[in-house]
Protein chains: 2
Amino acid sequence: MIVILLYLRSLNGKLMERLLQSVKININDKIYVKDPESSDLGKRIIEHSILMIHDMGFEAFTFKKLGVQIGSNESSIYRYFENKHKLLLYLASWYWGWLEYQLVFATNSIPNPEDKLASAIRILTRATEVDASFSHINEILLNKIVINEYSKSYLTKEVDQENKEGYFIIYKRLVNRIREMIQAVNSSYKYPASLASSILEGGLHQYFLIDHFSSMTDCNENLPPAEFFVDLVFKTLKKEYNG
Amino acid sequence: MIVILLYLRSLNGKLMERLLQSVKININDKIYVKDPESSDLGKRIIEHSILMIHDMGFEAFTFKKLGVQIGSNESSIYRYFENKHKLLLYLASWYWGWLEYQLVFATNSIPNPEDKLASAIRILTRATEVDASFSHINEILLNKIVINEYSKSYLTKEVDQENKEGYFIIYKRLVNRIREMIQAVNSSYKYPASLASSILEGGLHQYFLIDHFSSMTDCNENLPPAEFFVDLVFKTLKKEYNG
DNA sequence: CAAATATAATAGTATTACTATCATACCTTA
DNA sequence: TAAGGTATGATAGTAATACTATTATATTTG
């Protein structure tokens with residue numbers, strides 16, 4: 001493991017992509033009825049649900065429409081996911097798991113806590129710009145789906161039950177990783193968890209504002225949210241950072 | 001107007017409540033078909049929709065159920081609101097308008113920019129704890145509805161059209177007021193709008209985390225989100241604040 | 001080749017989110 | 001007080017949604 005991580009230290013973009021392709025993101029198996037990675041139909045469900053939710057939005061998306069699109073049957077899709085809510089939980093978990101891999105790989109070998117935190121913030125709040133071509137998954141569109149729909153996956157009456165069943169575990173682990181990095185930079189800071197959750201959730205929100213409410217943000221194509229958050233975090237932790 | 005505002009400077013809680021009761025919050029009349037404030041049925045629709053959305057969540061809430069609850073007819077409710085999405089927009093606008101009044105009244109007469117900003121942050125990120133008894137509107141429950149449902153009002157495919165029609169104008173005005181206060185404290189800060197939107201949106205989110213994902217926040221009953229945000233903002237603006 | 005498994009086809013149900021029409025009650029005002 | 005307008009209620013109906021159930025047909029595997 002150590003050998004691999006030392007090796008990864010110098011991975012460039014292309015190598016990283018290939019490595020990510022060979023990694024299977026581990027998702028709580030209570031989220032699905034049958035693992036969509038286990039069959040061709042399952043992969044087509046994932047592939048086209050991403051395209052369709054991005055196109056028409058989560059509300060208008062239905063299993064019936066998805067069935068028509070992939071030339072399959074509504075009832076067959078129900079054998080993979082109980083309902084579209086669970087499918088959204090699956091897509092979100094996949095996305096956060098994918099981000100987590102990038103985070104761990106990119107920051108694991110950085111010894112300096114400030115460099116590590118800055119790098120983490122940039123990875124977590126950057127726009128997904130390359131389709132790493134995880135075969136059937138379009139990460140660029142999935143990133144946009146998470147921006148527009150992720151909140152709906154937890155703003156429900158069932159959230160406590162679903163949390164207990166572990167449906168949000170990857171997201172929580174991600175927040176915890178940032179919290180630890182924040183504490184490594186400033187162990188006396190009082191709000192490391194709140195700051196960590198604000199980075200992830202606020203990152204999504206700033207992208208939404210750029211697209212729909214530009215008067216409520218200073219970010220744009222030339223001034224990405226990542227820079228706002230790096231500035232915010234390091235000023236808050238009272239550490240100058242000129243990285 | 002100036003006389004009134006000077007007078008308000010020393011308003012205590014009770015007086016404030018009474019004053020708020022006499023103010024009609026101005027909501028874009030495209031949001032409703034018929035003004036619910038204009039009739040008894042309209043007020044019952046608002047009153048019980050707040051109770052029911054709080055109880056069962058926005059997804060399970062329907063006009064049919066509301067009709068049964070208030071002893072009225074589904075079709076009569078449609079004469080006030082096109083659909084439940086518009087009703088949510090109405091409730092949210094009312095809430096933000098109500099908060100805006102509190103903000104303006106409480107901060108207008110504060111001359112010192114730091115005091116003003118700190119006071120604003122506290123007002124905007126505190127939990128609603130007293131029911132000011134705006135007759136039929138329960139502000140405590142409405143605050144909880146906004147925490148749990150507000151994002152759903154703009155995370156839609158219709159957001160740009162609805163924004164054009166002015167459905168989010170009160171919220172945007174609120175964010176703009178904070179932005180101006182931030183700039184008054186530090187005119188060279190690069191991200192006043194992003195910081196302002198983060199306070200409002202992040203404030204709601206931290207309350208959600210307290211209730212459902214306590215591991216992702218440091219806030220709780222003894223350490224309210226307001227303190228996290230005051231600390232965050234003043235450190236970011238590089239001004240010590242000991243108020 | 002038989003058995004198990006996956007998928008497809010079809011049908012059916014309760015609910016949702018409306019729209020339309022008509023009846024009735026009440027309130028005003030000439 | 002009669003006539004007309006407005007608000008609400010009652011009823012019916014529609015298309016779509018979100019499923020469940022059953023049976024049929026492929027496909028894979030042992």
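Chain letters run A, B, ... following the sequence lines, proteins first and then strands; every chain starts at 1. Because only heavy atoms are used, hydrogens play no part in the values below, and waters and symmetry mates are left out as well, while side chains stay in.
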In whole angstrom, what separates [X]'s [atom1] from [N]'s [atom2]?
X	N	atom1	atom2	value
B:I70	D:dT8	CD1	P	10 Å
A:K86	D:dC19	NZ	P	10 Å
A:L41	C:dT5	CG	P	18 Å
B:K43	D:dA7	NZ	P	15 Å
B:F81	C:dT19	CZ	C1'	19 Å
A:Y78	D:dA18	OH	P	7 Å
B:L66	C:dC18	CG	C1'	15 Å
A:F61	D:dA16	CZ	P	18 Å

Is the closest basic N to carboxylate O distance between [X] and [Y] below 4.0 Å?
X	Y	value
B:K164	B:D160	no
B:E37	B:K24	no
B:K152	B:E149	yes

Look at [X] and [N] and indicate whether a side-chain polar atom (N or O) is within less than 4.0 Å of OP1 or OP2.
X	N	result
B:S39	D:dT6	no
B:S75	C:dT19	no
B:K65	C:dT15	no
B:K64	C:dT16	no
B:Y80	D:dT8	yes

Please tell me which of the listed nucleotides, [options], lies nearest to the side chain of [X]?
X	options	value
A:T62	D:dA18, D:dT8, C:dA6	D:dA18
A:S72	D:dT8, C:dT16, C:dA8	C:dA8
B:S76	D:dA18, C:dA9, D:dT8	D:dT8
B:R79	C:dT19, C:dA8, D:dG9	D:dG9

Determine the contact category for A:E82: base if any of its heavy atoms lies under 4.0 Å from a base atom, sugar-phosphate if only primed atoms, P, OP1 or OP2 are that close, otherwise nothing. sugar-phosphate

Closest to the 5' end of DNA chain C, once B:K84 and B:N73 are matched to their nearest nucleotides, is B:K84

Going by atom types alone, do B:N143 and B:Y95 pair a side-chain donor with an acceptor below 3.5 Å? yes

Do we see a donor-acceptor contact under 3.5 Å between the side chains of B:N176 and B:R179?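 Their side chains do contain a donor-acceptor pair, which is all the 3.5 Å distance test asks for.
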
